[in-house]
Amino acid sequence: MTLRLATAGESHGPALVAILTGLPAGLVLDRDAIDADLKRRQEGYGRSPRQQIEQDRVEVLAGLRHGRTLGTPLALVVRNVDHKNWTWGMSPWPPEGEPAGKGTKPVTLPRPGHADLAGVLKYGHADVRDALERASARHTAVHVAAGAVAKALLGTIEVEVEGSVVDEDALRVRIDEARSQRDTVGGVVEVRARGVPPGLGTYADKADRLDGRLAAAVMGIQAVKGVEIGDGFALATRFGSEAHDEIRTDRHRDTNHAGGLEAGTSNGEEIVVRAAMKPLPTLMKPLASVDLQTGEPAQALVERSDVAAVEALAVVAEAAVAWELARAAHEKFGGDAVGDFVGAWRAYVERIGWR
Ligand code: EPS
């Protein structure tokens with residue numbers, strides 16, 4: 001059974017929800033490890049004051065007993081503490097009483113770069129909030145919780161996944177500059193996966209190529225506009241003799257320009273995925289837009305937001321890569337019980353003599 005992930009939740013609604021299906025039974029989960037990743041995602045220079053309100057913690061509603069998965073759907077919840085300030089504005093049912101708190105007035109000023117305009121046009125919303133709440137990167141919190149579960153599964157076959165910011169010191173300087181100019185900035189993050197055996201993914205069918213799957217998983221994260229694997233775009237400027245990773249007798253490589261993927265298949269080297277994040281679209285110095293109610297020129301919506309969320313993206317991209325690698329590993333090794341999964345992995349690495 002393939003691993004599947006479905007999520008729901010609005011940024012200021014009651015909670016974020018994830019349902020993970022296809023996980024083998026008997027996988028040991030550590031609540032502290034999941035919460036530690038949730039905390040890492042909330043930290044980082046340039047985040048909004050919202051992070052002082054939220055203290056993200058995972059709750060498990062189904063699929064786990066005494067810390068072990070049951071092989072049934074795993075239901076995870078991360079509550080939005082800030083919802084208490086939005087109970088009227090984000091009430092799932094028609095709200096009772098006088099409007100109170102936040103989100104009571106319709107938003108009609110779409111922000112360039114956000115889901116606002118395409119969202120209201122596509123779904124026929126009158127209030128931009130109906131689009132922006134789900135498009136918000138807030139819901140990456142449950143993806144991080146799912147990624148922590150994926151990392152637990154990968155840990156059983158000795159795979160480790162870690163995300164980091166590229167050039168973190170320079171980023172902090174740019175964040176200070178952006179904040180003082182009431183502007184926003186993006187940046188670049190990198191995810192490395194160690195211990196991935198050769199043979200995850202395949203060249204046999206385009207949709208199953210692991211490079212494409214990883215790229216889609218990372219590109220699907222809010223504000224990501226570019227993804228590269230290994231040396232990526234730089235490879236286009238090199239000669240073949242400078243671009244490929246020569247094979248040693250032990251079948252490892254001294255270089256890793258390919259970022260651990262050849263022909264859509266893992267080759268046993270470290271998997272390296274980088275993502276470029278655009279500057280966040282909510283500016284305190286707003287850009288030109290249109291008032292959707294009057295049709296007149298206007299300035300885009302200004303509301304509390306982050307100056308940058310690049311450090312958070314490193315954690316979210318790590319989770320996305322971990323989820324996709326766990327899926328690919330489970331497709332290859334299978335197993336309804338985690339021992340079957342690990343046993344198949346062990347038999348495979350023995351067959352190919354991989355160290
Ligand atoms: C976000 C706007 C900010 C961020 C939010 C994403 O939220 P608010 O509008 O409540 O200040 O803080 O991210 C999170 C809350 C989070 O946990 O990452 C947006 O518009 O995408």
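Whatever order the structure lists them in is the order used to number ligands and atoms, beginning at 1.
- The distance criterion of under 3.5 Å between nitrogen or oxygen atoms is not met by D56 with respect to ligand 1.
- Scanning all protein heavy atoms for the shortest distance to atom 13 (O) of ligand 1 gives R47 NH2, 3.6 Å.
- For R209 and T202, the side-chain atoms include no donor-acceptor pair closer than 3.5 Å.
- For ligand 1, the atoms closer than 4.0 angstrom to any heavy atom of S48 are 11 (O), 12 (O).
- For atom 14 (C) of ligand 1, the nearest non-hydrogen atom from the set Q51, R304, H139 belongs to Q51.
- For atom 21 (O) of ligand 1, the nearest protein heavy atom (residue, atom name, distance) is A137 N, 3.1 Å.
- Among E54, Q42, H114, the residue whose heavy atom lies closest to atom 20 (O) of ligand 1 is H114.
- The closest approach between a heavy atom of D306 and any atom of ligand 1 is below 4.0 Å.
- Remark: the D208 side chain and the Y203 side chain contain no N/O donor-acceptor pair separated by less than 3.5 Å.
- The pair R174-E177 fails the salt-bridge criterion, with no side-chain N (NZ, NE, NH1 or NH2) lying under 4.0 Å from an Asp/Glu carboxylate O.
- Between R111 and ligand 1, no N or O atom pair is found at a separation short of 3.5 Å.
- Heavy-atom separations between Q222 and ligand 1 are all 4.0 Å or longer.
- The aromatic rings of F333 and F341 sit perpendicular, their planes meeting at an angle over 60°, well past the 30° parallel limit.
- In plain terms, the two heavy atoms of V310 and V165 that are nearest each other are O-CG2, 4.0 Å.
- Side chain to side chain, E269 and N256 fail the donor-acceptor criterion of an N or O pair below 3.5 Å.
- Heavy-atom proximity to R41, at under 4.0 Å, picks out these atoms of ligand 1: 16 (C), 17 (O), 18 (O).
- Residue A141 places every heavy atom at 4.0 Å or more from ligand 1.
- Between the side chains of R134 and T7, at least one donor N or O lies within less than 3.5 Å of an accepting N or O.
- Of the candidates A312, S11, S136, it is S136 that places a heavy atom closest to atom 6 (C) of ligand 1.
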